[in-house]
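By convention in this document, chain letters (A, B, ...) are assigned in the order of the sequence lines, proteins followed by strands, and residues within each chain are numbered from 1.
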Amino acid sequence: MTDDFQARIDRVPYARTLGIQMINEDGCFLLPARKSNIGNPTLPALHGGAIAGFMELSAMIHVLSQGGSDSTPKIVDFAVDFVRAGKFEETFCRCELVFFGRKMINVSITAWQDDPGRPIAKARAQFLVKD
Amino acid sequence: MALDLQELRRFVDVVLQSNPGDHFTTLGIAVEAVEHHHVQMSMPYRESLIGDPDTGVLHGGAITALLDTCCGFAAATALDDLGMTPTIDLRIDYMRAATPGKSVIADAEVYRVSESVIFTRALAHHGDVQHPIASAVGNFFRMESALFEEMRREFRRAEATEGGA
């Protein structure tokens, strides 16, 4: 099932650009350390936009994997708090369905690197799904 | 020292373009205008940024990255000297899908500067701000100017060397 989903993910060009990988069906995803996700070469640090995009895309895939719907959920809004710099390392995130309604779906996303107890960013995403 | 907006624009150009293969060049973000409390940027339509392969619509994440970048450099126009402003938080509202094939323009403005925080907002559009694709509000950290002393020195040294060559 995870492999099936990874194949679907790999159909999405932006997902291939980030290099996102589904770790399991519980909403865990990986953003590999790729040069194309770097925003500051001196530190070096990941681009906040790459981290945010990874979290947003993870949330969308998680909704698809949980909902059994084939139509792509539409993102309505997305908010992210950056709490630590994203080092040039593997980044993980876990998505949690806060609300799964017929139309609106709310997802909470936490991203971390070496320690799940020390997140680098927290986000929430609101999606609209068609019946 | 007062901020030199033309120097900041050259600095933004270097950040956006001098590291081929990084996230800025992967997105293709370019600066269009740098003014006090306002920055405009553009991002071309690219196949690699598509979020829905059936429609060719760009993924929201690419728009988020553009708006983060544009708001961040708008915040940098509110500093006293050349420096960087880390993102504290960002919220994006998606009003309509970006039209496949069209470049996305972002306009970001600073609406409040406090001792430690610079408050910004932005719109992403295709040239008509009355028909936005997305709007954003983002807060940025205003760090001690002295922290960027070395960064400024290096940037100015590199510019002087290039100018003399």
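Comparing B:Arg46, B:Glu47, B:His59 by heavy-atom pairs within less than 4.5 Å of chain A, the highest count is held by B:His59. Taking chain B as the reference chain and counting heavy-atom pairs below 4.5 Å, the highest number among A:Ala79, A:Pro13, A:Gly49 is found for A:Pro13. Considering only heavy-atom pairs separated by less than 4.5 Å from chain A, the leading option among B:Asp52, B:Asp68, B:Ile50, B:Thr25 is B:Ile50. Counting heavy-atom pairs closer than 4.5 Å to chain B, the top-ranked of the candidates A:Ala45, A:Ala50, A:Ala52 is A:Ala50. Heavy-atom pairs under 4.5 Å with chain A peak, among B:Leu58, B:Ile92, B:Asp93, B:Asn19, at B:Ile92. Across A:Pro44, A:Pro41, A:Ala85, A:Ala121, the residue that shares the most heavy-atom pairs under 4.5 angstrom with chain B is A:Pro41.
Here the straight-line distance linking atom CZ of A:Phe82 with atom CZ of B:Phe140 works out to 8.5 Å at 0.5 Å rounding. Rounded to the nearest 0.5 angstrom, B:Phe24 CZ and A:Asn40 CG are separated by 8.0 Å. A distance of 7.0 Å separates CG of B:Leu27 from OH of A:Tyr14, quoted to the nearest 0.5 Å.
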Notebook entry, point to check: What do the steps show when you test A:His47 against B:Thr69 for side-chain contact (heavy atoms from CB on, under 4.5 Å), and what is the final call?
Noted result: CA-CA 9 Å; A:His47 193 294; B:Thr69 305; 3.0 Å; yes
Checklist line | From CA spacing to verdict: side-chain contact (heavy atoms from CB on, under 4.5 Å), A:Leu18, B:His23 | finding: CA-CA 9 Å; A:Leu18 290 179; B:His23 203 58; 4.1 Å; yes
Margin query: Assess the residue pair B:Met151 and A:Thr42 against the criterion (side-chain contact (heavy atoms from CB on, under 4.5 Å)); give the C-alpha distance rounded to whole Å, side-chain angles, the decisive distance to 0.1 Å, and a yes or no.
Written below: CA-CA 10 Å; B:Met151 186 201 84; A:Thr42 318; over 6 Å; no
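Contact check for B:Pro53 versus A:Val12: side-chain heavy atoms found under the 4.5 Å cut-off. When side chains are defined from C-beta on, A:Thr17 counts as touching B:Thr26, because their heavy atoms get closer than 4.5 Å.
A:Val80 touches chain B through backbone and side chain together, each having a heavy atom under 4.5 Å away. For A:Leu46, no part sits under 4.5 Å from any heavy atom of chain B, backbone or side chain. Within the 4.5 angstrom heavy-atom criterion, atoms from both the backbone and the side chain of B:Asp89 approach chain A. The contact between A:Arg124 and chain B is made entirely by side chain atoms (from C-beta outward), counting heavy-atom distances below 4.5 Å. For A:Met60, the part sitting under 4.5 Å from any heavy atom of chain B is the side chain, from C-beta outward, and nothing else. Contact of B:Pro86 with chain A is not made at all, since no heavy-atom distance falls under 4.5 Å. At a 4.5 Å heavy-atom cutoff, the contact between B:Leu49 and chain A is made by backbone and side-chain atoms alike.
Contact residues of residues 103-110 of chain B toward chain A are absent (heavy-atom distance under 4.5 Å).
Hydrophobic clustering (side-chain heavy atoms under 4.5 Å, transitive across Ile, Leu, Val, Met, Phe, Trp, Tyr) groups B:Val12 together with B:Leu3. The same ILVMFWY cluster, assembled from side-chain heavy atoms under 4.5 Å apart, contains both A:Phe88 and A:Ile51. In this structure, B:Val57 is not a member of the same hydrophobic cluster as B:Tyr94, with clusters built from ILVMFWY side-chain heavy atoms closer than 4.5 Å.
At distances below 3.5 Å, at least one donor-acceptor pair connects side-chain atoms of A:Lys35 with backbone N or O atoms of B:Pro20.
The pair B:Arg91-A:Asp77 meets the salt-bridge criterion, since a charged nitrogen lies less than 4.0 angstrom from a carboxylate oxygen. The pair A:Arg11-B:Asp54 counts as a salt bridge, with a side-chain nitrogen and a carboxylate oxygen less than 4.0 angstrom apart.
Within a 6.0 Å radius of CZ in A:Arg16, other residues, nucleotides and ligands contribute more than 12 heavy atoms.
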